[in-house]
Structures are given as C-alpha cells and as structure tokens.
Engineer: 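Can you keep this structure in mind? I'll have questions shortly.
Remember, it's 1-based here, ligands and their atoms both numbered in the order they're listed. Only this structure's heavy atoms are used, side chains among them; waters, hydrogens and symmetry mates stay out.
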Amino acid sequence: MPGRSLPGPDQRGLFIGGRWREAEEGATFTVLDPADGSVLASVADGSVNDATEALDAAAAAQEGWGASAPRDRAEILRRAFDLIRGRTDELAELMSLEMGKTIAEARGEVAYGNEFLRWFSEEAVRIHGRWMHAPDGASRLLTVRKPIGPCLFITPWNFPLAMGTRKIGPAIAAGCTMVVKPAELTPLTMLVLADILDEAGLPPGVLNVVPTSRAAAMSEALMADPRLRKVSFTGSTLVGRQLVRQSADQLQRLSMELGGNAPFLVFEDADVDAAVDGAMIAKMRNMGEACTAANRFLVHTDIAQEFAGKLADRMSRLVVGRGQDPDVDVGPLIDERAVNSIHQLVTDAVRDGARLVVGGSAPTGPGYFYRPTVLLGIRHDSEINRQEIFGPVAPISVFATEEEAVRRANATEYGLAAYVFTRDLSRTIRLAELLEYGMVAVNTGLISNPAAPFGGMKASGFGREGGFEGIEEYLETTYVALPATSRHQG
Ligand code: ADP
C-alpha cells in the first residue's frame, strides 16, 4: 500500500535541538508524487527564525560534541547504519514515492547512502595530526586536527538520502554540529534519517533539520551569522556561485558539488558491448538525473553506428512508469519543468540535424515521464552538449582521433566525471592525466563509491565527499610550534 512508508505526523515537522516541532505560525508546504502530481504529504515550512533557532541549537551543542570521544561518534554512526539497513524496504519506498526512482534504484541508494555512515564511522577514529622535526632541528612542529564547527548542508532532490549522508556522516565523525536544509521537492527521506540518527543516540542539537520553501532567505540569514563555520552544498552551479559569493563576509569554509557535463568516450578498440552496458548505467542510473550522468557520448566514427544501434535497442526495451511498479525500469522525472526543458533540448538537436534513433517524446497522461531517447550525429556545439540534460537522453557525436576526443571532452566549463572505454592501457593512463575531471571511470559506468573522493573541478565546484578526503572538509588544523629540548634528530 503506497503511503505506509511516509513519515508519521511528528516527523513532518522541524527537527531542532533533538525535538520535533512545528514551523513558525504552523506554516507548511506540500510534497508531490511526480508519478501523478498528487499531494503525498505536508511538511513544516521553516522560517528564517526557525533556521536561526536550529543554528542556536547547533552552536550550543558544538563544544560538547567536539570534545566527545571519537569512538562514541563512531558507534552512533554504526548504530544508524544498522538501523537504516534494517529499514531498507521502507526507506526505498519512501524515496521512490517522493522522488520517482524505481524501488530497485531506491534500494541501491539506501545501500550506497548508508555506506557513508559506515565508512565515516570507521574514519572517526583515524583523525590524527603529526609530530615533526623542523628542517633546522631547532624546533618541533605539532599539528592538531579540530572540528571546524557548526555547518549548513543544502542538499538536492535527486538522491534524497545519499546527498545527506555524505555530508552528515563525515561531519558527525569529525565532531561538527549541523543544520540541514533538504531539497523542498524531496524532504521526507531526510526527516526519517533525522529520526534514525536520534534513535541511534546522536545528542540533541548535533543534527537539526529545517525543510523550507524559502531556501535563499534561509541560507542568506545563516551565512551572515559568524557562528556558522562551514557550508556544504550539492546543487546547480548557478546557486553554488551565489553561495560562494555569500560566504565572503563570514569566510565560511565551503564544499561545492555542482553541475556536470560528463563525456562518455568510446574508442575504436573498445569492447562495444561492454561500452553499451556501461552507457546504460552511466546514462540511466536515476533516470539520468545525476550530476555524474553521461551527458555527451563521444564515439569513434568507425563504431558510432554499431554503438548507437545497440544502445537504442537497449533503451527501447526499458519500461517507463510509476517507480513503485516492479516491472518498471524508468520512473518519472522530478517535475514538469524538467520534462519541458529536456524535450526542448531534443527538439533543438533534431532541428540542428541530429537523427532521432529512439524515443524523443513524453508519453501522454499524468506524471512527468520522458521516453528513453538516443540521438545520433549531434553537432559538437549543439545546446544539448553544453547543458546538463538531467534526463534519459543520450546524444551521440563522433570523433576521429584521440587528440580530438580529449579536446572535445575538455571543452566545457564543467569538470566532474568522465567515462572512457578502451582496451589500451597506455591510452588509459594518458587520458586519466589529460582529462580535466575530478573523476574518471575506465571501462565501467559506475563511478560513485563511498570509499572514493567524489568531487569536481572548474564549474563543477571543489571539495571532496567520501574517501579519506571526505572528513578533511570538516577539520581545521592548528599548528603548534615547540622548541627542541633534545638533540634527537631521528
Ligand atoms: P536543482 O536544479 O537540482 O533543483 P538547485 O541548485 O536549485 O538545484 O537546488 C539545490 C538545493 O539548493 C535545494 O535544496 C534548493 O532548495 C537549494 N537552493 C535553491 N536556491 C537556493 C538559494 N538561492 N540559496 C540557497 N539554497 C538554494
């Protein structure tokens, strides 16, 4: 029965200082089901005052939390990991309902997102500084790592759980407190996550969650507050730039996970079937609504027809429909705006001379669906090659040489993820060095991994989430100078 996994009435409020409560003046906003546009739930609509109270709670909890034992922080994360694992089905259904993805994809996200909690439970006890002899031997250098302080997390709608845990996990591990503003389109999963972390023993005030329909006003107010020391944002480059400007006054530390325009390069020596398998994952994971999604397929001219034909065959067999239906492969997109902008890109590409191999339209009826689409013969300067598509559309263009492939792959302001299919090891090494991307996947369509440093360069932002690097975003360094008191050099 849809709806059994929706959060209870309490968990549709604001979570501040370890308590659930209503927003100022009882304000609420609605969350819609993208499969039919119906109302799923109302949640509290936090005001600037509510957000300030959340920061009050985070600031009050910071000293005690920062001084807590790393092992205690690790155990809380590990308990939350176990609780989430035990509630996989319920969380998957909830995410599927509010965001549209299929149950299978949502289960995958629960496993992936939860892994950040386990990974950072393991990292919490490995925070360390160093003891060093100065080069001249006259002094000793000591470094101390400290939690950076209260953080603001702003997350997007496409991965309602994982985009939260990859920030919350390392912040908890490092001893930081936080205010989380989930995406207004998909706030329900984050509210349940807050409840689970509470149950896992997280002290009041460490995590505060404030959904709002007024994101800009909230972030502006919180970032003007000197108590806030860090902002981690995942979302569009447009908003990211705004937040970077906003951080100037209080000089908050920043992590910016912004847009992408991932090239997917298939060389003449590639295993074409493996490349098609990889393309299906890199393109269709999350219906293409991922910043790592393959956005531009660049295929060697000798194999472009074969690759396009095989990809179109696979895409045409995908079943589009409501994400909770077990036979469905591709759920709805997030809203009508997404469908319209994707269709516009496809229409413009066809007008510019591309050939529609499969798809290219939205089915009739309610909900925000778009048919899996393959376009061949895309002009390199086509708008679809410049914008993040964020949907189930694969535009293919061709290249003749490796030099051309690299040049075209790098000809974008973005630099998040790139995919390469080749069987040539020397080429692989060259490309890993030449591609201006934070992440390069070779002969695989799956790039995200909690143990790896996820992040981009250029207009895709800066900072890394996951891996050993992930916790660094939440730590400050104090260097301590000490005179040498022995001649010991070793
Ligand atoms: P998308 O296009 O994926 O929705 P956005 O960058 O618009 O990406 O949204 C990502 C997150 O940023 C969401 O939580 C949204 O509410 C929030 N957001 C949008 N505009 C602003 C803003 N001006 N200031 C702060 N947060 C914002």
Engineer: Determine whether the side chain, the backbone, both or neither of Ala216 has a heavy atom under 4.0 Å from any heavy atom of ligand 1.
Structural biologist: both

Engineer: Who's the nearest protein heavy-atom neighbour of atom 23 (N) of ligand 1, and how far?
Structural biologist: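 For this ligand atom, the closest protein heavy atom is Gln242 NE2, 3.2 Å.
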
Engineer: From atom 9 (O) of ligand 1, is the closest protein heavy-atom distance below 4.0 Å?
Structural biologist: no

Engineer: Can you pull out the closest protein heavy atom to atom 24 (N) of ligand 1? Residue, atom name and distance to 0.1 Å, please.
Structural biologist: Ser219 OG, 3.2 Å

Engineer: Do the rings of Phe116 and Tyr112 sit parallel, tilted or perpendicular, given the 30° and 60° boundaries?
Structural biologist: perpendicular

Engineer: Going by the rule side chain to side chain contact (heavy atoms under 4.5 Å, CB included), which residues pair with Leu435 if we only count those two or more places apart in sequence or in a different chain?
Structural biologist: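 Expected list: Leu265, Ala409, Asn410, Ala418, Val420, Leu431, Tyr437, Val440.
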
Engineer: Give a yes or no on whether a salt bridge exists between Arg351 and Asp348, defined as a side-chain N under 4.0 angstrom from a carboxylate O.
Structural biologist: yes

Engineer: Using 30° and 60° as the class limits, which term best fits the ring planes of Phe390 and Trp157: parallel, tilted or perpendicular?
Structural biologist: perpendicular

Engineer: I need the atoms of ligand 1 closer than 4.0 Å to a non-hydrogen atom of Thr155, numbered in the order shown.
Structural biologist: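 Heavy-atom distances to Thr155 below 4.0 Å select 11 (C), 13 (C), 14 (O).
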
Engineer: What protein heavy atom sits nearest atom 16 (O) of ligand 1, and how far off is it?
Structural biologist: Glu184 OE1, 2.5 Å

Engineer: Please state which part of Glu220 comes within less than 4.0 Å of ligand 1, counting heavy atoms only: side chain, backbone, both or neither.
Structural biologist: neither

Engineer: Give the atom numbers and elements of ligand 1 that come within less than 4.0 Å of a heavy atom of Gly235.
Structural biologist: 6 (O), 10 (C)

Engineer: Can you confirm, on distance only, whether ligand 1 has an N/O atom lying under 3.5 Å from any N/O atom belonging to Thr234?
Structural biologist: no

Engineer: To check your reading of the model: name the closest protein heavy atom to atom 2 (O) of ligand 1, its residue, and the distance in Å.
Structural biologist: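 Result for atom 2 (O) of ligand 1: Ser236 CB, 4.3 Å.
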
Engineer: Regarding Glu413 and Arg241, does a basic nitrogen lie under 4.0 Å from an acidic carboxylate oxygen?
Structural biologist: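 Salt bridge flag = yes for Arg241 with Glu413.
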
Engineer: I'd like to know if Asp381 and Arg386 make a salt bridge, using a cut-off of under 4.0 Å between side-chain N and carboxylate O.
Structural biologist: no

Engineer: For atom 26 (N) of ligand 1, find the nearest protein heavy atom and state the residue, atom name and distance (0.1 Å precision).
Structural biologist: Ala215 CB, 3.7 Å

Engineer: Which protein heavy atom lies closest to atom 21 (C) of ligand 1, and at what distance to 0.1 Å?
Structural biologist: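 Scanning the protein heavy atoms, the shortest distance from atom 21 (C) of ligand 1 goes to Val239 CG1, 3.5 Å.
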
Engineer: Around atom 17 (C) of ligand 1, find the nearest protein heavy atom and jot down its residue, atom name and distance.
Structural biologist: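 The closest heavy atom on the protein side is Ile154 CG2, 3.6 Å.
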
Engineer: Report yes or no: do Ser255 and Glu473 form a side-chain donor-acceptor pair below 3.5 Å?
Structural biologist: yes

Engineer: Report the part of Leu238 (side chain from C-beta onward, or backbone N, CA, C, O) that has a heavy atom under 4.0 Å from ligand 1; answer both or neither where that applies.
Structural biologist: neither

Engineer: So if I count the atoms of ligand 1 from 1 in the order they appear, which ones are less than 4.0 Å from some heavy atom of Trp157?
Structural biologist: 1 (P), 3 (O), 4 (O)

Engineer: For a quick test of your reading: what N or O donor-acceptor pairs under 3.5 Å do the side chains of residues 188-207 make, sequence neighbours left out?
Structural biologist:
| residue | atom | partner | partner atom | Å |
| --- | --- | --- | --- | --- |
| Thr189 | OG1 | Glu98 | OE2 | 2.5 |
| Asp195 | OD1 | Trp20 | NE1 | 3.4 |

Engineer: Answer yes if the ring centres of Trp119 and Phe81 are under 6.0 angstrom apart, and no otherwise.
Structural biologist: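 No, ring centres 6.0 Å or more apart.
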
Engineer: Could you label the plane-to-plane angle of the Phe264 and Phe297 rings as parallel, tilted or perpendicular, counting under 30° as parallel and over 60° as perpendicular?
Structural biologist: tilted

Engineer: Closer than 4.0 angstrom: is that true for some heavy atom of Phe233 and an atom of ligand 1?
Structural biologist: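 Within the 4.0 Å threshold, so yes.
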
